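Residue numbers run from 1 in the order of the sequence given. These numbers come from a predicted model, not from an experiment.
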Amino acid sequence: MAVVLSVLLLFCFCFGFHVDDVTGTSGHTAGVFSWYNKFSMMNIDELNGLETGIRNAIKDNLMSELMSFPETGIVSTVSPGCIKDTANFPIQALDAFGKPRSGILRENFAWLGNFHECTSLGTYQHCVADMQINAPMNNGTTNLTVPISWGICMPKSCSEDDIEILIKQLDVPFFHLNREPQTGKSDKPPGVVHCNQIPAKSYDAGFICVVTLSSILGFLMLLGAAVDVYIRWFESPQNINGYQTIDNSPVDSKSERTPLLTGGTPNDSVHVEVQRHNQTPKKQGFLTRFLLCFAVNRSLEKLLNAKQGDKSVGCLNGIRVLSISWVILAHSLLYPLQQFLYDNTIEAYDFVKRLDFTVVIQGEYAVDTFFLLSGCLLTYLTLGKMAHTNGKLPWGLFYFHRFWRLTPVYAAMILFIIFLDPYIGSGPLWYRYIDHPSCEKYWWRNLLYISNFFPKSEMCMDWSWYLPNDMQFFVISPFILILLHKVPKVGAGLLATLTAISIIIKASLTAKYGMGGGVFGAGGVAGAYWDKIYDKPWTRISPYFVGMAVGFIMVRRPHLRMRPIVVLCGWVLASAVGLVVIYVVNNAFYRDWSLAEQGIYNGLGSFTWASCVGWVILACKNGYGGWINTFLSWNFWVPVGRLTYTVYLVHPIILRNILFSISNPYSGKIIPMTTTFTGGIVLSHMVAFVFALAIEFPFANLEKLLIPSNVEKKKSEKERNKEQA
């Protein structure tokens, strides 16, 4: 056995290493750029010395160690089945081991082996061993320590502990097991050998329950569609082309206040209501109306309706869709970098350093745009409604409506991640993705919208940090809205004061903790940027306040007139300042920013960007947008915009499924990068389309069914009684 294993390991060690995750699946880019800096700062002699040192060490040290590989001590600790099955390795298993390809000096460390060749053998499993190389360079005077993942193909009778014991017998100075924690995905002690199973987990009760619930939803969608067809065809006065007048619209835009949820604005609610032949429709029972809430054909009609009301702010649809596309672009290109899964990682880093690529790593401002839109729509719609109700609104329903509209899809996504997602894909790196302990333990924090108050390591769906922030902003908004309605000057002053306070807090915290290293250099406290600054409401709220100010202006000045010179200066200033905010950070690649500079930039950046986008909204709404407004108000954006909320939730799941299912590294070139982005955005919208039809629209309809408009009717009656009195 020792001879066979020695030859096998010699063959594979000589040709198999892969850099493991350093920053975590969704971590910051600090670790990524630190590796880039190590390699990019080496001259050609040092790089050649690194390559030569690795090759010599493999040929000399490793070979001599393997040839004297001790058999004693292994048989007593490795399971008998594993010893027996490793006596005769098929050539396919040997061929499936990970081996390096060209480009080692370009950080091509993703040598994963052939997952499918290994698993096709039936009795073999593909495993990944976390290793570490201390690579000698400069004639052995210095070392470069690199974490490695090594793809190996071993019999299924060998457990992870068996394989670890076998690897431990290799007492090679520069090559050993790496016990550093991996990616923060699990609270178990870090393992060094990970064997992929198909399926990745056993089918437990949670999986069965979620599949059952999904089947029930699908059945209700089809049954509701059948009931709708029956009503239209057989209960119509003319038997054909007859339609029942049923208000089953998914979104009442006059009460909707979330830009990620609706593509509409005032007077743009989507009603598929057709009443033929002037016949009084037959009153429907509760069960019929319940089933019609799930009718997939009705939901489809509403989703695809591209009509916009005359008073709608059409540019919001285009801004919404372009912003979510920006978020997906950033994630689709940076996720592989964070996992070191490009076959030319240094070239990929060079792309990041390019001026035209800076917009990609600045995707954070797309989320600031969502905060802006949320505050703008909230203020515009609510103040408009308060003007017709003497400032009185059912604030209890105000909060309930918000919670009801966000939570069903959010909860469904958490269930999907915990119980279904592990079975979706497979691959050599799939083990990094299948466990979601933070969701299993802390899902309730998400549903209470408080997850951003806890460490990132404990956050389920860490990309969903936007939702608790937006909900918290929404909770405090009535206090500002009431002041804006009753005492506009005081409300506007309060908005300005709170905005200034948020800017000062964010700038001060950034000056203290830094922006996480990476692009901005080594200053600050490592790991503090996210937990202290990035996802906290007091640092993220300034764009929301800017949006409230824009909505307030839209209500107070519905037909804002501006001189041509003001319009010209507004567009020039907004465009120039917006470009500076996005691209000035490129300077940090070539010069470390001080903590003071980071504080000023981070404190003012979000506010300034939101102000620029706010100008675009005001200009387009009041007829000063020209071709920009024509593009942003294109009817095509309306149905696509209705999927934005679900796309925001689902797109990281899609991208990570793609990422951790790969068998070979990505190519860090423009065309492959573009292909990854295109595939990610298309698949995200396709999956969001299904979730919207199955959950988002039906539950919006259920709200109308369970909480009818009687409240508004009673309120109107009270107002009429007061007038009569």
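- Around CZ of Phe607, the count of heavy atoms belonging to other residues, nucleotides or ligands within 6.0 Å does not exceed 12.
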Exercise. Evaluate the criterion side chain to side chain contact (heavy atoms under 4.5 Å, CB included) for residue pair Thr646 and Phe689; output intermediate values, then yes/no.
Key: CA-CA 8 Å; Thr646 313; Phe689 181 82; over 6 Å; no

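- Separating the CD1 atom in Ile418 from the OG atom in Ser438 is a distance of 8.5 Å, to the nearest 0.5 Å.
- A 4.5 Å side-chain heavy-atom check between Ile231 and Thr288 finds at least one atom pair inside the cut-off.
- Remark: Gln362 CD to Ile582 CD1 distance equals 5.5 Å, nearest 0.5 Å.
- Checked by atom type and distance alone, the side chain of Asn446 pairs as donor or acceptor with a backbone atom of Cys460 at under 3.5 Å.
- The distance from atom CD1 of Ile476 to atom CE of Met471, rounded to the nearest 0.5 Å, is 13.0 Å.
- In this structure, Thr608 has no side chain to side chain donor-acceptor pair (under 3.5 Å) partners at least two apart in sequence or on a different chain.
- Here CG of Leu223 is found 9.5 Å from CG of Leu292. Values are rounded to the nearest 0.5 Å.
- Annotation: side chain to side chain donor-acceptor pair (under 3.5 Å) contacts of Ser633 (sequence neighbours excluded): Asn629.
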Exercise. Test side chain to side chain contact (heavy atoms under 4.5 Å, CB included) on Leu705 and Phe290 and set out the steps.
Key: CA-CA 7 Å; Leu705 176 65; Phe290 175 81; 4.0 Å; yes

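- Of the possible donor and acceptor atoms, none in the side chain of Trp637 sits under 3.5 Å from a partner among the backbone N and O of Gly314.
- Side chain of Tyr645 to main chain of Leu406: a donor-acceptor pair is present (N/O by atom type, distance under 3.5 Å, no hydrogens or angles).
- Contact check for Tyr410 versus Met461: side-chain heavy atoms found under the 4.5 Å cut-off.
- Between atom CG of residue Asn305 and atom CG of residue Leu300 there is a gap of 11.0 Å, rounded to the nearest 0.5 Å.
- Between the side chain of Trp404 and the backbone N or O of Phe699, at least one donor-acceptor pair lies under 3.5 Å.
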Practice problem: Apply side chain to side chain contact (heavy atoms under 4.5 Å, CB included) to Lys441 and Glu458, showing your working. | Solution: CA-CA 8 Å; Lys441 289 184 177 180; Glu458 297 180 3; over 6 Å; no

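- For Trp395, the CH2 atom is densely surrounded, since the number of other residues' heavy atoms within 6.0 Å is greater than 12.
- A distance of 12.0 Å separates SG of Cys612 from CG of Asp368, quoted to the nearest 0.5 Å.
- Across Lys536 and Asn452, no two heavy atoms sit closer than the pair NZ-O, 2.9 Å.
- Listed for the Arg540 side chain is a donor-acceptor partner under 3.5 Å among the backbone atoms of Tyr534.
- Between Cys293 and Asn701, the shortest heavy-atom contact is O-ND2, 3.0 Å.
- More than 12 heavy atoms of other residues, nucleotides or ligands shown are found within 6.0 angstrom of CH2 on Trp615.
- The backbone N or O of Lys392 lies less than 3.5 Å from no partner atom in the side chain of Asn390, so there is not a single donor-acceptor pair.
- Two residues are said to be in side-chain contact when any heavy atoms from C-beta on lie closer than 4.5 Å; Tyr466 and Phe371 meet this criterion.
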Quiz item: Under the side chain to side chain contact (heavy atoms under 4.5 Å, CB included) criterion, do Met686 and Val682 qualify, and how do the steps go?
Solution: CA-CA 6 Å; Met686 291 174 63; Val682 171; 3.9 Å; yes

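- In this structure, Phe219 places its CZ atom where only 12 or fewer heavy-atom neighbours from other residues, nucleotides or ligands lie under 6.0 Å away.
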Can you give each donor-acceptor pair under 3.5 Å made by side-chain atoms of residues 561-574, sequence neighbours left out, with the distance rounded to 0.1 Å?
{"residue": "Arg561", "atom": "NH2", "partner": "Asn622", "partner atom": "O", "Å": "3.1"}
{"residue": "Trp571", "atom": "NE1", "partner": "Tyr624", "partner atom": "O", "Å": "2.9"}

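- Proximity of Phe474 to Tyr399: side-chain heavy atoms (C-beta onward) are separated by under 4.5 Å at one or more points.
- Remark: Phe416 pairs with no residue by the ring-ring contact (aromatic ring centres under 6.0 Å, His included) rule, at least two apart or across chains.
- Taking the side chain to side chain contact (heavy atoms under 4.5 Å, CB included) definition, one finds that Ala576 meets it with nothing, sequence neighbours left out.
- Taking both residues in full, the closest heavy atoms of Thr539 and Ile533 are given as OG1-O, 2.5 Å, listed atom of the first, atom of the second, then distance.
- The heavy-atom pair separating Leu643 from Ala692 by the smallest distance is CD2-CB, 3.7 Å.
- Under the 2.5 Å SG-SG cutoff, Cys620 and Cys315 do not qualify as a close cysteine pair.
- Looking at Leu481 and Leu393, their side chains never come closer than 4.5 Å, going by heavy atoms from C-beta outward.
- Minimum interatomic distance between Pro468 and Ile450 (heavy atoms only, all atoms of both residues): CB-N, 4.1 Å.
- Although no hydrogens or angles enter the test, the distance criterion places a donor-acceptor pair under 3.5 Å between the side chain of Arg642 and the main chain of Lys302.
- In this structure a side-chain-to-backbone donor-acceptor pair under 3.5 Å is present from Asn469 to Asp535.
- In this structure a side-chain-to-backbone donor-acceptor pair under 3.5 Å is present from Lys621 to Pro558.
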Considering only distance and modelled atom types, tabulate donor-acceptor pairs under 3.5 Å from the side chains of residues 484-509, sequence neighbours left out.
{"residue": "Thr497", "atom": "OG1", "partner": "Gly493", "partner atom": "O", "Å": "2.9"}
{"residue": "Thr499", "atom": "OG1", "partner": "Leu495", "partner atom": "O", "Å": "2.7"}
{"residue": "Ser502", "atom": "OG", "partner": "Trp538", "partner atom": "O", "Å": "3.0"}
{"residue": "Lys506", "atom": "NZ", "partner": "Ser606", "partner atom": "OG", "Å": "3.0"}
{"residue": "Ser508", "atom": "OG", "partner": "Ile504", "partner atom": "O", "Å": "2.8"}

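- For Ala306 against Val638, the heavy-atom pair with the smallest separation is O-CG2, 3.9 Å.
- No more than 12 heavy atoms of other residues, nucleotides or ligands shown are found within 6.0 angstrom of CZ on Phe479.
- Tested against Trp326, the residues Tyr365, Trp609, Phe370 include a single ring pair (Phe, Tyr, Trp, His ring centres under 6.0 Å) partner, Trp609.
- Residues Val640 and His685 are in side-chain contact: their nearest non-hydrogen atoms beyond the backbone lie under 4.5 Å apart.
- Side-chain atoms of Val321 and Phe636, non-hydrogen and from C-beta on, never get closer than 4.5 Å to each other.
- Between Phe286 and Arg289, some side-chain heavy-atom pair lies under the 4.5 Å cut-off.
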